[in-house]
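Below is one structure, written out as structure tokens; comments come after it.
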Amino acid sequence: MIVSNPKTESVLRAILIKEGYILSEKLGNGKNGVDIVAQRKEATHFIELIGYSEHGSRRTIDFHSAFFQALARLENGAKSCVMAMPINFKHGIKQRYRRNKTMRDRSTIAFPELQIWFVDPKKETVERY
């Protein structure tokens, strides 16, 4: 199932608002910057969004781009850098992490601020890792 960036964003925004977060304004097309800044109490999340493309090569490019964009928020003092993506990504990422234990272990040590959130547009839920 193909899930666009705007669909991922709208579902995640609705979830975060229900959870009591205050959200940054939506960026217009072609605008640079973090996709969503979500704040609640002392928690602030800098969130980069990606959709789920029909083409595997496009998904790979989008994933790598979001990874570097999320980590770029460390330059601004972010304590929580989030990559939010459709739940469709979950199976493939879990497989890669199982096969690449060294990468998984080192990435969590090197970037403890990085989180991956899987957004389920059908159930309107988010799983946080």
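Numbering of residues begins at 1 and proceeds along the displayed sequence.
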Please identify which of these residues, Arg13, His45, Lys41, meets the side-chain hydrogen bond (donor to acceptor under 3.5 Å, both in side chains) condition with Tyr21.
His45

List, one per line, each side-chain donor-acceptor pair under 3.5 Å for residues 114-121, sequence neighbours excluded.
unit_1: Gln115; atom_1: OE1; unit_2: Trp117; atom_2: NE1; d: 2.9
unit_1: Gln115; atom_1: NE2; unit_2: Ser80; atom_2: OG; d: 2.8
unit_1: Asp120; atom_1: OD1; unit_2: Lys122; atom_2: N; d: 3.0
unit_1: Asp120; atom_1: OD1; unit_2: Lys123; atom_2: N; d: 3.1

Please work out which of the three classes, parallel, tilted or perpendicular, describes the rings of Tyr52 and Phe89, given edges at 30° and 60°.
perpendicular

Just jot down the ring-ring contact (aromatic ring centres under 6.0 Å, His included) partners of Phe67, sequence neighbours excluded, or say none.
none

Measuring from Lys26:NZ to Ile36:CD1, what's the distance to the nearest 0.5 Å?
8.5 Å

What closest approach, in Å, do Gly20 and Arg40 show between heavy atoms, and which atom pair accounts for it?
O-CG, 3.7 Å

Check step by step if side chain to side chain contact (heavy atoms under 4.5 Å, CB included) holds for Glu113 and Phe46.
CA-CA 10 Å; Glu113 304 87 353; Phe46 290 79; over 6 Å; no

Separation between CD1 (Ile61) and CD1 (Ile50), nearest 0.5 Å, reads 11.5 Å

Salt bridge (charged side-chain N to carboxylate O under 4.0 Å, His left out) with Glu127: which residues, sequence neighbours excluded?
Lys90

So do the side chains of Met85 and Leu49 get within less than 4.5 Å of each other, counting heavy atoms only?
no

Reported CD1-to-CD1 distance for the pair Ile17 and Ile22, which is rounded to 0.5 angstrom:
10.5 Å

How far apart are the C-alpha atoms of Thr44 and Val37, what are their side-chain angles, what is the distance that settles it, and do they pass the side chain to side chain contact (heavy atoms under 4.5 Å, CB included) test?
CA-CA 7 Å; Thr44 302; Val37 177; 3.8 Å; yes

